[in-house]
Protein chains: 2
Amino acid sequence: MELLDETDLKILRILQNDAKKTTKDIAKQLHLTASPVYERIRRLEKKGYIKHYVAILDKKMLNRPVTAICMVSLRYHNEGFIDTFEQQIKELVEVQECYHMAGKVDFFLKIHLEGLEEYHEFVRSKLSKIHNIGVLESYFVLKEVHNTTAIDF
Amino acid sequence: MELLDETDLKILRILQNDAKKTTKDIAKQLHLTASPVYERIRRLEKKGYIKHYVAILDKKMLNRPVTAICMVSLRYHNEGFIDTFEQQIKELVEVQECYHMAGKVDFFLKIHLEGLEEYHEFVRSKLSKIHNIGVLESYFVLKEVHNTTAIDF
DNA sequence: CGTGAAATGATTCTGAT
DNA sequence: ATCAGAATCATTTCACG
């Protein structure tokens with residue numbers, strides 16, 4: 001089940017940093033022609049190594065300058081309660097990421113908003129509507145020191 | 001300075017979910033032809049609304065199944081210390097995101113690793129080499145409930 | 001697995017409204 | 001701003017080493 005060789009890995013490293021690189025450019029960089037690069041990319045997509053392609057937008061220019069991190073602990077931890085919580089969170093469009101955690105808290109949310117007032121409103125009218133939340137701790141991002149979708153491998 | 005109309009917003013919403021949609025497809029969806037869509041995308045790129053295009057890869061298939069969240073508090077908070085910390089963090093390839101926070105902790109890190117042993121090794125040989133770290137709290141992701149790069153606007 | 005060339009289709013540009 | 005068409009360039013397929 002050794003599916004990827006060094007060439008595949010190089011292609012993935014290039015595409016996760018710039019998905020607009022042409023197969024021709026990638027081929028040149030890897031001293032190949034376009035066809036094998038094309039076929040490899042197709043294979044990497046089909047096998048699921050590449051999940052999808054996205055444009056990364058500027059949050060501030062789109063009027064979502066505030067990033068909040070919420071740490072949530074549930075009151076009850078039955079399976080049903082956890083599933084319900086997850087379903088309800090997925091319906092909140094402000095929530096970009098939600099992880100079920102091991103550690104002192106149960107869930108971890110990353111939220112993008114227009115401002116602090118909107119955060120207050122988000123907590124008041126949306127989060128608080130979700131029952132079973134025990135503890136809610138809020139943090140705000142002062143500065144994005146580093147933020148990439150690429151992973152190191 | 002009202003630069004974006006509803007058509008621009010629609011284009012951005014499409015591209016942040018699927019950057020491989022062709023201008024032709026987008027044009028059809030918006031009842032336009034390829035040329036204006038093409039020009040708008042170029043303008044959105046040039047003005048900085050679109051930062052870049054990336055491929056989203058499958059972490060597990062690339063042998064980085066463990067996501068850890070670190071909450072770090074510094075011992076000293078002078079400007080120089082903070083800058084130094086940020087510089088050092090940026091050099092750690094395992095760190096995908098790092099935010100300077102307002103709240104009970106100073107920094108917030110998201111880290112992708114091969115396993116728990118590698119996390120131990122990461123803390124032992126890399127994080128602990130950064131002086132000025134006061135408190136370090138670790139959390140591990142049990143389940144990705146929701147994770148997107150798209151924002152709602 | 002690779003190459004190179006041919007067919008297809010998308011992008012980019014031009015001229016006009 | 002938009003459209004329609006033409007030119008250019010990238011993607012995709014295929015015959016072959």
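Chain letters run A, B, ... following the sequence lines, proteins first, then strands; residues in each count from 1.
For the pair B:Asp25 CG and D:dT11 P, the computed distance is 16 Å after rounding to whole Å. Between the P atom of C:dA10 and the NZ atom of B:Lys21 lies a distance of 14 Å, rounded to the nearest Å. Put simply, CG on A:Leu30 is 15 Å from P on C:dC1, counting in whole angstrom units. For the pair B:Leu15 CG and C:dT11 C1', the interatomic distance rounds to 14 Å; values are reported in whole Å. If you take CD1 of B:Ile41 and P of C:dC13, they are 14 Å apart, rounded to a whole angstrom. The distance between atom CG of B:Leu32 and atom P of D:dT2, rounded to the nearest whole Å, is 6 Å. The distance from atom NZ of A:Lys28 to atom P of D:dA10 is 9 Å, rounded to the nearest whole Å. To the nearest angstrom, P of D:dT2 lies 9 Å from CG of B:Asp8.
Checking C:dT12, C:dT3, D:dC3 against every side-chain atom of A:Pro36, the shortest atom distance belongs to C:dT3. With C:dT3, C:dT12, D:dA1 as the candidates, the nucleotide lying closest to the side chain of B:Arg40 is D:dA1.
Applying the 4.0 Å criterion to OP1 and OP2 of C:dG2, one finds that A:Thr33 has every side-chain N and O outside that range. Using a 4.0 Å cut-off, no side-chain N or O of B:Thr23 falls inside it from OP1 or OP2 of C:dA10. Residue A:Tyr38 places at least one side-chain N or O under 4.0 Å from the OP1 or OP2 atom of D:dT12.
Using a 4.5 Å cut-off on side-chain heavy atoms (C-beta onward), A:Ile111 and A:Ile69 make no contact.
Place B:Thr7 and A:Arg42 on DNA chain D by their nearest nucleotides, and B:Thr7 ends up nearer the 5' end.
A salt bridge does not link B:Lys47 with A:Asp58: none of the charged nitrogens is closer than 4.0 Å to a carboxylate oxygen.
Residue A:Lys59 is tested with A:Gln96, A:His112, A:Glu144 for a side chain to side chain donor-acceptor pair (under 3.5 Å); the sole match is A:Glu144.
A:Ser35 comes within contact range of at least one nucleobase, with a heavy-atom separation under 4.0 Å.
Side chain of B:Arg13 to main chain of B:Phe153: a donor-acceptor pair is present (N/O by atom type, distance under 3.5 Å, no hydrogens or angles). For B:Glu86 (side chain) and B:Asp83 (main-chain N/O), no donor-acceptor pair under 3.5 Å exists by modelled atom type.
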